[in-house]
Amino acid sequence: METSSKTARQLFEALKADPQRRRFGFGRKPALVNVDLQNAYTRPSEFPTAYETDPRQIEHVNRLAQLLRSRGCPVVWTFVAYLDSGEDCGVWGTRADMSEALRSITADDRRAQLDERCEVDRDHDIVMNKRMASAFFETNLGSLFTFHQVDTVIVTGGSTSGCVRATVVDGLSRSFRMIVPEECVSDKHESPHFANLYDMMAKYADVLPVAEVIGFLEGYEPRP
């Protein structure tokens, strides 16, 4: 194992400056998956489980959603919520340090509601209740993307080291091109945030400035 005195942020910045592998790139048709932008994780002033990395995160996400929606591409918002018993949280919910923060979130809880700053088009967007880390796990996300002939998935939300990373790894495992706009993902702590951006960029996704993703989408024309 190599050792280094660099921080996770410094390692990520070094990889950005000198990428070791070529990009996956954008494919034929993109979709947007906004992972768990719900109050439990976006409102630090209300809930100790919440976090903020880039204060413009939701603003950027709304712009991405607007662009994809206008081009007939799927826009998905996920949230986590469980039965009153918490049994559908499974063994994940049995950890003492997360039982109150996770398995106690029920569908009618304010913590489960998408942040009001998110511009969700309820007539066209897909809002999906997921129960485990990956947005693909035991949901119909994969079949939905097959129906829409999606081959590229843009992932935003949180946490970078948890549900975002799990979704990215699952998506790549299904042969989707995974794109992570850097300013659109967040985490509780700096080190896991940048360590996982590093890891995803090195292995599983194209981690790009949001301006570059927006630039691509602004020029994107759907194929017949």
Side-chain angles (χ1 to χ4, degrees), residues 7-13 15-16 31-68 75-81 92 97-98 101-102 105 109-120 125 127-130 132-136 153-172 178-214 217:
T7 65
R9 182 197 287 261
Q10 289 170 329
L11 287 169
F12 172 64
E13 294 294 343
L15 185 62
K16 271 205 311 184
L32 177 65
V33 179
N34 303 309
V35 177
D36 303 348
L37 289 171
Q38 61 196 85
N39 292 320
Y41 307 119
T42 60
R43 296 286 187 179
S45 62
E46 288 187 59
F47 304 110
T49 52
Y51 36 76
E52 181 180 85
T53 301
D54 190 311
R56 297 183 63 196
Q57 178 188 17
I58 293 178
E59 176 189 338
H60 293 314
V61 169
N62 287 336
R63 177 62 176 152
L64 293 172
Q66 178 190 47
L67 285 166
L68 280 145
V75 175
V76 180
W77 306 82
T78 75
F79 68 99
V80 291
W92 196 16
D97 62 347
M98 65 162 43
L102 189 64
I105 300 177
D109 192 316
R110 174 164 167 73
R111 292 175 295 169
Q113 308 309 309
L114 292 173
D115 191 304
E116 296 90 339
R117 294 170 294 174
C118 296
E119 297 172 359
V120 183
D125 296 355
V127 179
M128 185 176 292
N129 182 188
K130 72 177 182 64
M132 296 297 159
S134 169
F136 288 96
V153 182
I154 302 166
V155 182
T156 78
S159 66
T160 313
S161 60
C163 296
V164 167
R165 180 193 169 112
T167 298
V168 164
V169 173
D170 254 10
L172 180 72
M178 305 304 293
I179 309 292
V180 178
E182 180 184 346
E183 299 92 334
C184 295
V185 294
S186 57
D187 212 317
K188 187 78 170 177
H189 300 289
E190 178 179 274
S191 287
H193 173 73
F194 285 106
N196 280 275
L197 284 179
Y198 174 95
D199 221 27
M200 287 189 287
M201 188 176 194
K203 303 169 187 174
Y204 308 119
D206 292 345
V207 179
L208 306 174
V210 67
E212 185 171 338
V213 181
I214 288 172
L217 292 174

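These figures come from a predicted structure and were not determined experimentally.
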Q | Atom pair OG1 (Thr7) and CG (Leu11), whose distance is rounded to the nearest 0.5 Å | A | 6.5 Å
Q: List in chain and number order the residues that pass side chain to side chain donor-acceptor pair (under 3.5 Å) with Gln113, two or more places apart in sequence or in another chain; answer none if no residue qualifies.
A: none
Q) Would you say the side chain of Thr156 lies within less than 4.5 Å of the side chain of Val33, judging by non-hydrogen atoms? A) no
**Q.** Smallest separation among heavy atoms of Ala135 and Met128, with atom names
**A.** O-SD, 4.3 Å
Q) Distance from Lys188 atom NZ to Thr160 atom OG1, nearest 0.5 Å? A) 13.5 Å
Q.
On a heavy-atom basis, which atom in Leu172 and which in Lys203 lie closest, and how many Å separate them?
A. CD2-O, 3.9 Å
Q: Taking side-chain contact (heavy atoms from CB on, under 4.5 Å) as the test, write out the residues that go with Asp125, two or more places apart.
A: Arg69, Val75, Trp77, Val120, Asp121
Q: Please identify each residue that fulfils side-chain contact (heavy atoms from CB on, under 4.5 Å) with Ala195, with sequence neighbours left out.
A: Ala8
Q: Please identify each residue that fulfils side-chain contact (heavy atoms from CB on, under 4.5 Å) with Ser161, with sequence neighbours left out.
A: Ser159, Asp187, Pro192, Asn196
(Q) Rounded to the nearest 0.5 Å, what separates atom CD in Gln57 from atom SG in Cys118? (A) 8.5 Å
Q: Please collect all salt bridge (Lys or Arg N to Asp or Glu O under 4.0 Å) contacts where either partner lies in residues 39-55, sequence neighbours excluded, each pair once.
A: Arg43-Asp115, Arg43-Glu116, Glu46-Arg110
Q.
Ignoring hydrogens, what is the shortest heavy-atom contact between Tyr204 and Met178? Give both atom names and the distance.
A. O-CB, 3.7 Å
Q. Mind checking what makes side-chain contact (heavy atoms from CB on, under 4.5 Å) contact with Gln38, not counting sequence neighbours?
A. Asp36, Ala40, Tyr41, Phe79, Val80, Ile105, Ala112
Q: Taking all heavy atoms of Tyr198 and all of Phe12, pick out the closest pair and write down the distance.
A: N-CD1, 3.7 Å
Q | Shortest non-hydrogen contact between Val180 and Val185, atoms and distance | A | CG1-CG1, 3.8 Å
**Q.** Asp206: side chain to side chain donor-acceptor pair (under 3.5 Å) partners, not counting sequence neighbours
**A.** none
Q) If you round to the nearest 0.5 Å, how far is CG of Asn34 from CG of Leu64? A) 7.5 Å
Q) Partners of Asn62 by side chain to side chain donor-acceptor pair (under 3.5 Å), sequence neighbours excluded? A) none
Q: Side-chain contact test, heavy atoms from C-beta onward, threshold under 4.5 Å: evaluate it for Val35 versus Val155 and give yes or no.
A: yes
**Q.** Cys184 versus His60, closest heavy-atom pair with distance
**A.** SG-CB, 3.5 Å
Q: Quick one: list whatever passes ring pair (Phe, Tyr, Trp, His ring centres under 6.0 Å) with Phe136, sequence neighbours left out.
A: Phe176
Q: To the nearest 0.5 angstrom, please state how far the CG atom of Leu32 sits from the CG atom of Leu67.
A: 10.0 Å
**Q.** Listed partners of Lys16 passing salt bridge (Lys or Arg N to Asp or Glu O under 4.0 Å), at least two apart
**A.** Glu13, Glu182
Q: Could you pull out all residues at least two apart from Glu119 that satisfy salt bridge (Lys or Arg N to Asp or Glu O under 4.0 Å)?
A: none
Q: Could you check Cys163 against Lys130 for side-chain contact (heavy atoms from CB on, under 4.5 Å), going step by step and ending with a plain yes or no?
A: CA-CA 10 Å; Cys163 296; Lys130 72 177 182 64; 3.3 Å; yes
Q. Sub-3.5 Å donor-acceptor pair from the side chain of Ser134 to the main-chain atoms of Asp170, do we have one?
A. no
Q | Validation row: Glu212, Pro181 side chains within 4.5 angstrom (heavy atoms) | A | no
Q. Roughly how far, to the nearest 0.5 Å, is the CZ atom of Arg117 from the OG1 atom of Thr42?
A. 5.5 Å
**Q.** Partner set under side chain to side chain donor-acceptor pair (under 3.5 Å) for Glu183, not counting sequence neighbours
**A.** none
